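Each remark here refers to the structure printed beneath this line.
A quick note: this is a predicted structure, and the numbers were derived from the prediction, not measured. A, B, ... follow the sequence lines: proteins, then strands. Residue 1 opens every chain.
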2 protein chains.
Amino acid sequence: MSLTTKEKILKEAATLFSELGYKATSVRKIASKVGIRESALYNHFKNKEEIFLTIADEIFVTPIQISQEEIEKEAKRGKAFLNRFVTQYKLLTFDKHSEKMFRLLLIELFANKALRERFINEFHQKNIKLLSQAFFIMMQNDLIRSNDPILIAYEFLSVLFYIRFEITLLRFDNKSTASLATQMEKHVDFFWESIKKQNC
Amino acid sequence: MSLTTKEKILKEAATLFSELGYKATSVRKIASKVGIRESALYNHFKNKEEIFLTIADEIFVTPIQISQEEIEKEAKRGKAFLNRFVTQYKLLTFDKHSEKMFRLLLIELFANKALRERFINEFHQKNIKLLSQAFFIMMQNDLIRSNDPILIAYEFLSVLFYIRFEITLLRFDNKSTASLATQMEKHVDFFWESIKKQNC
DNA sequence: GTCTATATCGCGATAGAC
DNA sequence: GTCTATCGCGATATAGAC
């Protein structure tokens with residue numbers, strides 16, 4: 001619990017940036033929350049931007065990773081793979097720090113081209129690639145009906161993102177997200193029924 | 001093409017707000033684009049916030065409306081209703097002004113509580129209500145399998161929103177959205193196959 | 001490493017001449 | 001209705017004492 005001044009700065013700045021955005025967060029406010037003067041802050045960081053960039057790097061640090069081998073193994077299990085994916089997506093959505101970083105990303109998305117590109121690559125493309133690989137394997141194993149794996153991946157991911165987006169909005173105003181917490185599981189059930197091989 | 005000064009202010013301010021956000025758009029920049037001094041601007045608006053609020057009102061002005069009667073009539077046509085809905089959603093997504101207003105909404109969403117509430121009500125709830133009514137009618141008419149209409153509405157809308165979100169991001173950097181333009185139609189096809197009554 | 005003091009800037013907004 | 005001039009403020013950032 002005993003943080004260095006530098007760590008305290010990053011902690012308070014992350015909170016402020018993720019609530020007010022880059023521009024509206026002043027060096028003054030950060031210093032005030034830390035309990036030091038603005039000038040003292042410049043002993044730890046070159047300028048405001050350096051503080052922001054240090055924090056922004058965390059946005060794309062995903063604690064959860066699935067290896068290529070795991071995809072191939074897990075995808076053969078069909079719906080169980082989707083459930084596992086959603087469980088991890090839910091953890092990210094409800095984890096306090098991940099929530100903060102996701103909000104920061106959304107707030108700064110149109111102000112920062114680098115963030116936009118990393119969003120497309122790491123939040124969209126990476127997930128689409130992973131999911132379409134899994135759906136392709138499910139088709140090979142005759143678990144789901146034949147279709148474009150990328151289209152299916154798109155359909156599956158979109159709903160999760162939308163729910164996360166809504167949850168992030170509601171939580172910012174301390175509103176209840178109870179109904180949305182189960183929405184992701186309902187999505188897996190509905191989706192699996194849509195794509196699975198029919199036996200009729 | 002001959003705009004009054006007040007109209008010019010609104011036009012230039014809308015562009016700036018939708019690119020930089022409220023805070024980063026200065027009265028100075030607006031006046032400069034219009035071709036007048038800042039002080040002259042105050043002859044038309046009380047202050048910066050009044051300009052913003054005038055523009056923000058447009059965000060929720062939807063040119064397209066479907067009446068209750070039309071829903072009941074159109075929903076009976078099943079997939080044709082979904083195609084019509086998506087056609088209108090696509091028009092909004094690719095219309096220059098609507099795109100600008102949507103971006104403004106996304107940029108200011110976490111800075112403005114009123115916008116968040118109107119987003120939930122008018123972009124989410126309103127569409128979910130309309131769609132779930134339509135799906136309910138489709139179930140009554142035995143066009144689609146029995147299920148929770150709200151769940152299905154959620155699944156249908158989420159994908160459209162996600163595609164619109166991505167298109168808005170890509171267009172901001174003048175990147176191609178060609179593949180996404182057809183993605184919405186593919187969504188209808190995929191979705192209809194998922195929910196329609198099977199005859200097997 | 002923190003402080004006080006200060007430089008410099010851009011911001012929103014107003015007063016008053018034309 | 002537009003201009004010049006100006007005010008007061010809060011912002012980022014630096015210099016130099018302790």
Which of D:dT12, C:dC3, C:dA13 is nearest the side chain of A:Ile36? It is C:dC3
Contact under 4.0 Å: B:Ser39 side-chain N or O vs D:dC3 OP1/OP2:
no
### Quiz item: cation-pi between B:Lys48 and B:Tyr42, 6.0 Å / 45°
no
Winner on side-chain proximity to A:Arg28, out of D:dG10, C:dA13, C:dC3, is D:dG10
Taken to the nearest whole Å, NE2/B:His44 to P/C:dA13 is 16 Å
Between CG of B:Leu16 and C1' of C:dC11 the distance, given in whole Å, is 15 Å
B:Leu109 and B:Arg116 have their tightest heavy-atom pair at O-CG, 2.8 Å
task: Indicate, with a heavy-atom threshold strictly under 4.0 Å, whether B:Thr4 touches base, sugar-phosphate, or nothing.
output: nothing
From NZ of B:Lys8 across to C1' of D:dG1 the rounded distance in Å is 12 Å
note: A:Tyr42, atom OH; C:dC3, atom C1'; distance rounded to Å ~ 15 Å
Report yes or no: do A:His124 and B:Tyr162 form a side-chain donor-acceptor pair below 3.5 Å? yes
note: B:Asn47, atom CG; C:dA13, atom P; distance rounded to Å ~ 5 Å
Whole-Å distance, A:Glu38 CD to C:dT8 P, equals 18 Å
Rounded to whole Å, the CZ-C1' distance (B:Arg37 to D:dT6) equals 14 Å
- prompt: Regarding A:Gln133 and A:Gln68, is there a side-chain donor-to-acceptor distance under 3.5 Å anywhere?
  reply: yes
A:Ile30 atom CD1 is separated from D:dT12 atom C1', nearest whole Å, by 11 Å
